Amino acid sequence: MADIATRNGFDRAALPASEGFLTELRERAFEEFVTLPVPAQETEEWRYTDLSDLDLGAYAAFAGGGSRAATLDDVPDGILAAAGDVGDRAGFLVQRNSEALIAHLDPAVDEGVHFESLDDAIREHPDMVEPHLHDLVPTDRTKFTALHGAFRTGGSFVLVPDGVRIELPVQALTYLDADGATIFPHTLIVVGAQSEVTFIDRYVSPDLTSALSDAVVEIVCGPASKVRYVSLQEWGSGVTHLSVQRARLARDAEFHSLSVAFGADLSRNEFESVLAEPGATSEMLGLFFADGSQHFDHRTLQDHEAGNGTSDLLYKGALKGHSRAIYSGWVHIRPHATNSNAFQTSRNVVLSEHAKADAIPNLEIENNEVRCGHAASVGPVDQEALFYLESRGIPRKEAERLIVFGFFQEVLERIDLPEVRTGIEQAIERELAR
């Protein structure tokens, strides 16, 4: 398959082998991929990111990952090291390029819980996957979601039955080391009523000449469930990362998401929370640090379809070099979403005169009985604060480091996973040292 994909690129002959409902899904998605245009800057959604020079013909549709691993000890040390200090985990999945190597779930976890590669779940439990796969993120959303639906392999599947609480986080590591490859990370999380889970997605690669990551995350939060989702994007240079994450919250569900971006040459991410039933709560945190010529485009949606819900968003970013960052957030209060509360804050600190950031908040309110607020700012390091610290004998570089950490502290202190918070702090240190 790898040879066919390399030779033919994204044509029908390169579609992965499949059966059952997945065959029809792939065929439909392929037709959509052929028909849909590359998103253009003439549209508001893609105004700030130009993909006209992205040559899909330059990428292979599949890259092998190597032999399946029987245990985590069989996974190459370099790949495991890329996961960093993972701490205690209830489950751990490793995907290398287009293939999952292993998915391990602690035997002590409730036997009704499923955690496996998406390919294995489709093969062994198609009835669990079919109702949800590409339900929240339809394949015809864009040319790239269609491409994803047609050619995806690997991915992660989590199903937590009603009333089950998983104490420790579950984590997936997607490791990319194949130059010229396209990978399609897909995370599908289905959480039942009054259940709880924390899931960590980590994307890591060395520096590459060129590669494409086309990712989709779908999260179904059942009634009164509590779901935490963390995305850690640490691709090396040469990678283009396109991602859509969408969560649907049922009655009284509680959803907490954290998006962290440090890597890739170009990264465009869409994060959406749909408060579909009354009483839902969504917290969306974001943190990024761009340098060199990196381009980060973050778009968020807080969609209040039902009333008595609360959404709170806080995104913070720092920029160096000639980097470029865009944040565009949308709060939508639907006509019947009475007593909704929605808050949106985006802050950016620019550490170079050549870097540029835009923060664009949007509100669409179709109900009068709501509380909404938004704030956005872009600015350099506070010169008065910098002068104060230097006047106390603190060297300028250290003073700037303290100010940047202080700037990010509002997000960091809301991260309740110590190993994740420590890893982010270390990544910020590395960015400042460059």
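Computed from a prediction, not measured in an experiment: that's the story for all the values here.
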Next on the checklist: If the threshold is 4.0 Å, N to carboxylate O, is there a salt bridge linking Asp291 and Lys320?
Outcome noted: no

Item to check | Residues Asp119, Ser117; criterion side chain to side chain donor-acceptor pair (under 3.5 Å); working and verdict | outcome: CA-CA 5 Å; Asp119 285 336; Ser117 79; 5.4 Å; no

Checklist entry - Can you check whether Ser98's main-chain N or O pairs, donor with acceptor, with Thr153's side chain at less than 3.5 Å? => result yes

Next on the checklist: Would Phe92 and Ile102 count as a side-chain contact (heavy atoms from CB on, under 4.5 Å) here? Give the steps.
Outcome noted: CA-CA 8 Å; Phe92 193 66; Ile102 188 171; 5.9 Å; no

Checklist entry - Can you find a heavy atom in the side chain of His104 that is under 4.5 Å from one in the side chain of Arg89? => result no

Next on the checklist: Strictly distance-based, threshold 3.5 Å: is any side-chain N or O of Gln233 a donor or acceptor partner for the main-chain N or O of Gly263?
Outcome noted: yes

Next on the checklist: Side chains of Val378 and Tyr327, heavy atoms from C-beta outward: is any pair under 4.5 Å?
Outcome noted: no

Checklist entry - Can any side-chain N or O of Glu130 pair as donor or acceptor with the backbone N or O of His132 at less than 3.5 Å? => result no

Checklist entry - Is there side-chain contact between Ile415 and Val230, with at least one heavy-atom pair below 4.5 Å? => result no

Next on the checklist: Determine whether a donor-acceptor pair (N or O, by modelled atom type, separation under 3.5 Å) exists between the side chain of Asp179 and the backbone of Thr209.
Outcome noted: yes

Next on the checklist: Rounded to the nearest 0.5 Å, what separates atom CD in Glu431 from atom CZ in Phe288?
Outcome noted: 11.5 Å

Next on the checklist: Below 30° counts as parallel, above 60° as perpendicular, anything between as tilted: where do the rings of His114 and His125 land?
Outcome noted: perpendicular

Checklist entry - Side chains of Ser267 and His241: do they bring a donor and an acceptor to under 3.5 Å? => result no

Checklist entry - Considering residues, nucleotides and ligands other than Lys143, do more than 12 of their heavy atoms fall under 6.0 Å from its NZ? => result yes

Next on the checklist: Under the side-chain hydrogen bond (donor to acceptor under 3.5 Å, both in side chains) definition, can you give me all pairs with a residue in residues 21-30, not counting sequence neighbours?
Outcome noted: Arg12-Glu27, Ser18-Thr23

Checklist entry - Are Ile122 and Phe21 side-chain neighbours, meaning at least one heavy-atom pair lies under 4.5 Å? => result yes

Next on the checklist: Rounded to the nearest 0.5 Å, what separates atom CZ in Phe30 from atom OG1 in Thr139?
Outcome noted: 13.0 Å

Checklist entry - Is any side-chain heavy atom of Leu56 closer than 4.5 Å to a side-chain heavy atom of Phe33? => result yes

Next on the checklist: Taking Ala280's backbone N and O only, do any of them form a donor-acceptor pair with Asp252's side chain (distance below 3.5 Å, no angle check)?
Outcome noted: no

Checklist outcome for this item: What one should report as the nearest heavy-atom pair of Asn341 and His304 is O-CE1, 3.4 Å

Checklist entry - For Leu36 and Ala146, which heavy atoms make the closest approach, and how far apart are they? => result CD1-CB, 4.3 Å

Checklist entry - Would you find more than 12 non-hydrogen atoms of other residues, nucleotides or ligands less than 6.0 Å from Asn368 atom CG? => result no

Item to check | Arg202 (side chain) donor-acceptor with Ala83 (main chain) under 3.5 angstrom | outcome: yes

Checklist entry - Could Glu196 and Arg228 be called an ion pair, given the rule that one side-chain N must be under 4.0 Å from one carboxylate O? => result yes

Next on the checklist: Closer than 3.5 angstrom, by distance alone: can the side chain of Asp120 be matched with the main-chain N or O of Arg123 as a donor-acceptor pair?
Outcome noted: no

Checklist entry - Can you list the steps and then say if Phe408 with Val349 is a side-chain contact (heavy atoms from CB on, under 4.5 Å)? => result CA-CA 10 Å; Phe408 281 128; Val349 60; 5.6 Å; no

Checklist entry - Should the ring pair Phe151 and Phe10 be called parallel, tilted or perpendicular, given that the plane angle runs from 0 to 90° and is split at 30 and 60? => result perpendicular

Checklist entry - Rounded to the nearest 0.5 Å, what separation is found between the CE atom of Met284 and the CG atom of Leu313? => result 5.5 Å

Checklist outcome for this item: dist Thr240:OG1 -> Trp235:CH2 (nearest 0.5 Å) comes out at 11.5 Å

Item to check | Side-chain donor-acceptor contact under 3.5 Å, Asp207 with Ser237 | outcome: yes

Next on the checklist: Contact between Glu277 and Arg248 at the side-chain level, heavy atoms closer than 4.5 Å - yes or no?
Outcome noted: yes

Next on the checklist: Using side chain to side chain donor-acceptor pair (under 3.5 Å), reason through Glu218 and His186 one step at a time and then give a plain yes or no.
Outcome noted: CA-CA 8 Å; Glu218 300 178 285; His186 193 120; 2.9 Å; yes

Checklist entry - With Glu45, which residues qualify under salt bridge (charged side-chain N to carboxylate O under 4.0 Å, His left out), at least two apart? => result none

Item to check | side-chain contact (heavy atoms from CB on, under 4.5 Å) evaluation trace for Leu54 with Val38 | outcome: CA-CA 9 Å; Leu54 184 64; Val38 174; over 6 Å; no

Next on the checklist: Main chain of Gln294, side chain of Asp265: is a donor-acceptor contact present, judged purely on distance under 3.5 Å?
Outcome noted: no

Checklist entry - Is there a side-chain contact between Leu118 and Ser156 (heavy atoms, below 4.5 Å)? => result no

Checklist outcome for this item: Smallest heavy-atom separation, Asp312 atom then Arg414 atom, equals OD2-NH2, 3.0 Å

Next on the checklist: Minimum heavy-atom separation for Leu319 and Arg324, please, with both atom names.
Outcome noted: CD2-C, 3.9 Å

Checklist entry - Checking Asp358 side chain against Ile326 main chain: does a donor-acceptor pair fall under 3.5 Å? => result no

Checklist entry - Can you tell me how far CZ of Phe115 sits from CG of Leu93, rounded to the nearest 0.5 angstrom? => result 4.5 Å

Checklist entry - Taking the side chain as C-beta and beyond, is there a heavy-atom pair between Ser328 and Tyr48 under 4.5 Å? => result no

Checklist entry - Does any N or O in the side chain of Thr49 come within less than 3.5 Å of the main-chain N or O of Trp46, such that one atom is a donor and the other an acceptor? => result no

Next on the checklist: Run the side chain to side chain donor-acceptor pair (under 3.5 Å) test on Asp201 and Ser231 for me, step by step, so that the C-alpha distance in whole Å, both residues' side-chain angles and the decisive distance to 0.1 Å come before the verdict.
Outcome noted: CA-CA 5 Å; Asp201 255 336; Ser231 171; over 6 Å; no

Next on the checklist: Show the nearest heavy-atom pair for residues Val411 and Gly286, with the distance to one decimal.
Outcome noted: CG2-O, 4.0 Å

Next on the checklist: Could you walk me through whether Gln302 and Ser273 satisfy the side-chain contact (heavy atoms from CB on, under 4.5 Å) test, starting with their C-alpha distance in whole Å, then the side-chain angles of each, then the deciding distance to 0.1 Å, before giving a yes or no?
Outcome noted: CA-CA 5 Å; Gln302 298 155 259; Ser273 288; 5.6 Å; no

Item to check | Minimal non-hydrogen separation, Asn367 against Arg334, with atom names | outcome: CB-O, 3.8 Å

Item to check | Distance in Å, Gln171 CD paired with Glu419 CD, rounded so as to fall on 0.5 Å steps | outcome: 8.0 Å

Next on the checklist: By the definition side-chain contact (heavy atoms from CB on, under 4.5 Å), identify the one residue from Leu249, Val191, Leu188, Ile189 that meets it with Ile219.
Outcome noted: Ile189

